[in-house]
Protein chains: 4
Amino acid sequence: MNFTNEKAIFLQIADHFFDSILAGKWPEGERIPSVREMALAMEVNPNTIMRTYSYLQDNDVVFNRRGLGYFVSPSAKERVKAIKRNNLIENELPKLFEAMRLLEIDFEELRELFSIHHSKL
Amino acid sequence: MNFTNEKAIFLQIADHFFDSILAGKWPEGERIPSVREMALAMEVNPNTIMRTYSYLQDNDVVFNRRGLGYFVSPSAKERVKAIKRNNLIENELPKLFEAMRLLEIDFEELRELFSIHHSKL
Amino acid sequence: MNFTNEKAIFLQIADHFFDSILAGKWPEGERIPSVREMALAMEVNPNTIMRTYSYLQDNDVVFNRRGLGYFVSPSAKERVKAIKRNNLIENELPKLFEAMRLLEIDFEELRELFSIHHSKL
Amino acid sequence: MNFTNEKAIFLQIADHFFDSILAGKWPEGERIPSVREMALAMEVNPNTIMRTYSYLQDNDVVFNRRGLGYFVSPSAKERVKAIKRNNLIENELPKLFEAMRLLEIDFEELRELFSIHHSKL
DNA sequence: GTGGTCTAGACCACC
DNA sequence: GTGGTCTAGACCACA
């Protein structure tokens with residue numbers, strides 16, 4: 001996997017999980033790869049994965065059973081959706097709208113850009 | 001001024017300048033505060049302001065006259081607008097649209113949030 | 001059975017035995033379930049039960065007869081009581097009293113909490 | 001400093017801070033030692049201190065200012081008191097009272113042990 | 001096998 | 001100087 005330098009690797013891996021969960025991979029209750037397996041797969045130090053998993057656990061997206069591994073939380077998908085959705089609405093959209101106002105971009109222009117984006121998919 | 005820990009302080013101050021310039025404060029050619037004044041006002045280390053000013057200069061938003069200080073560039077406003085607009089369209093909007101797709105937020109909902117945002121102003 | 005992650009599972013199961021013995025279930029001399037039965041009942045790896053039983057044996061609460069199984073020791077109840085009582089007085093109470101001092105909880109308040117606890121039973 | 005093996009070192013150091021804050025050292029707003037200083041003082045790896053400080057920050061007992069260090073939160077003392085007090089009343093005391101019941105220790109005996117503890121100070 | 005903690009030492013951005 | 005992240009490698013308790 002390729003990582004940016006703009007964001008901590010352990011967070012990029014966490015985002016990777018968030019996205020996978022949102023996309024419907026990882027059914028609830030499923031065991032995620034062990035710390036060591038993941039470290040090998042991502043070509044990253046086990047400590048870094050450990051940090052990702054702790055972070056996911058703090059956010060109630062996975063839980064841990066002693067000696068067995070980490071498992072996707074029930075309702076993980078809803079949790080992720082809620083976290084991201086909330087962040088979008090509370091933080092990112094207000095910034096966007098404010099920027100649009102200052103840059104004199106109106107909503108019609110946004111609609112066009114939106115169409116262009118989707119036609120590329 | 002209050003700073004977040006998520007972004008470098010010198011960049012937060014630069015954004016502050018960008019916004020002020022966009023908002024029409026700072027007529028072209030006007031002298032901006034000296035590094036020391038600004039550092040005092042922002043309760044920040046002068047090195048940090050120095051970094052902000054260098055950054056603004058790199059982006060042709062201010063220019064420097066030895067011994068006199070920093071001055072707002074002619075067409076600074078247009079420069080800022082172009083920089084921000086480009087960044088918005090190339091980087092931020094595609095991310096936003098992708099996030100909307102995953103979170104199942106459609107364009108109608110975005111329009112509503114947009115209205116709510118503007119009714120609060 | 002539900003386990004917490006804060007304490008080793010084999011110790012949680014051991015505590016379960018301690019409590020049952022104190023509460024008067026498990027007459028002295030009675031055979032306790034086989035390792036396999038217990039593992040099934042607790043939904044736990046047999047190794048884990050094995051560890052519990054060894055631990056109980058080390059504390060003279062059960063004894064083992066080859067080929068027959070594990071049996072509750074004579075005077076198991078008194079043993080458990082002594083172990084727990086000693087642990088309480090030597091380790092837990094001093095910690096509690098020290099915590100009370102720092103948190104400015106006096107003995108009167110403790111008495112009230114004690115009453116509340118018992119009124120709930 | 002001497003550490004137990006029963007509990008993670010980074011948590012023992014965190015407890016050390018909790019206790020110091022409760023005891024009234026560390027006025028609010030005061031800067032705590034830098035990660036490196038603390039690591040030297042405690043004869044421990046800087047990473048370990050880093051973990052302690054992150055933990056304290058997660059619990060709103062300290063906050064961080066970029067490049068300057070960690071500072072005791074306003075109301076840190078009340079936060080610590082509330083955390084510990086709540087934990088005592090909700091978790092530890094019920095366990096204690098239940099143990100007392102099973103071990104047939106009555107409240108008078110507790111009072112005696114309490115007196116003995118305090119006469120030792 | 002699993003996770004969890006720790007050390008040693010490096011590199012980075014930022015103040 | 002400050003914190004923050006990462007690697008490499010070790011050791012431990014637990015299932």
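The sequence lines fix the lettering, A, B, ..., with proteins before strands; numbering per chain opens at 1.
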Quiz item: In terms of the nearest nucleotide of DNA chain F, which residue is placed more toward the 5' end: D/Ser34 or C/Lys7?
Solution: D/Ser34
Quiz item: In whole angstroms, how far is the P atom of F/dG3 from the CD atom of D/Glu37?
Solution: 8 Å
Quiz item: How would you label the contact of B/Val44 with the nucleic acid (heavy atoms, under 4.0 Å): base, sugar-phosphate, or nothing?
Solution: nothing
Self-check item: Distance-only donor-acceptor test, D/Arg36 side-chain atoms vs F/dG3 base atoms, 3.5 Å
Solution: yes
Practice problem: Please confirm whether the backbone N or O of D/Tyr70 pairs with a side-chain atom of D/Arg65, one donor and one acceptor, at under 3.5 Å? | Solution: no
Quiz item: Got a second to check how far B/Gln12's CD is from B/Thr52's OG1, nearest 0.5 Å?
Solution: 10.0 Å
Quiz item: Is the base of F/dG3 touched by the side chain of D/Asn47 through a donor-acceptor pair closer than 3.5 angstrom?
Solution: no
Exercise. In whole angstrom, give the distance that lies between atom CZ of C/Phe10 and atom C1' of F/dA13.
Key: 9 Å
Self-check item: Whole-Å gap separating C1' (F/dT2) and CD (D/Gln57)
Solution: 14 Å
Self-check item: A/Leu96 side, atom CG; B/Leu96 side, atom CG - distance, nearest 0.5 Å
Solution: 6.0 Å
Quiz item: Which whole-number value in Å describes the distance from C/Arg51 CZ to F/dA13 C1'?
Solution: 7 Å
Self-check item: Ion pair C/Lys95/C/Glu92, N-O distance below 4.0 Å
Solution: no
Exercise. Tell me the partner of F/dA10, counting only Watson-Crick (N1-N3 plus N6-O4 or O6-N4) or G-U wobble (N1-O2 and O6-N3) with both under 3.5 Å; none if nothing fits.
Key: E/dT5
Quiz item: Roughly, in whole Å, what's the span from CG in C/Asn45 to P in E/dG3?
Solution: 16 Å
Exercise. Please state how far atom CE in C/Met50 lies from atom C1' in F/dA15, giving the value in whole angstrom units.
Key: 15 Å
Self-check item: Nearest-nucleotide 5' precedence on DNA chain E, B/Ile9 against A/Pro33
Solution: A/Pro33
Quiz item: Looking just at side-chain N and O atoms, do A/Asn64 and A/Gln57 make a donor-acceptor pair shorter than 3.5 Å?
Solution: no
Self-check item: 5' priority, DNA chain F, between D/Leu68 and A/Leu68 [closest heavy atom]
Solution: D/Leu68
Quiz item: Relative to the 5' end of DNA chain E, which residue comes earlier, D/Gln12 or B/Thr48, by the nucleotide with the nearest heavy atom?
Solution: D/Gln12
Quiz item: Among F/dA15, E/dT7, E/dC15, which nucleotide sits nearest the side chain of D/Arg66?
Solution: E/dC15
Self-check item: Integer-rounded Å distance: E/dT5 C1' and D/Phe3 CZ
Solution: 13 Å
Quiz item: Of the candidate nucleotides E/dT2, F/dT5, E/dC15, which contains the atom at the shortest distance from the side chain of A/Arg31?
Solution: E/dT2
Exercise. Check the distance between F/dC14's C1' and C/Tyr55's OH and give it to me in whole angstrom.
Key: 15 Å
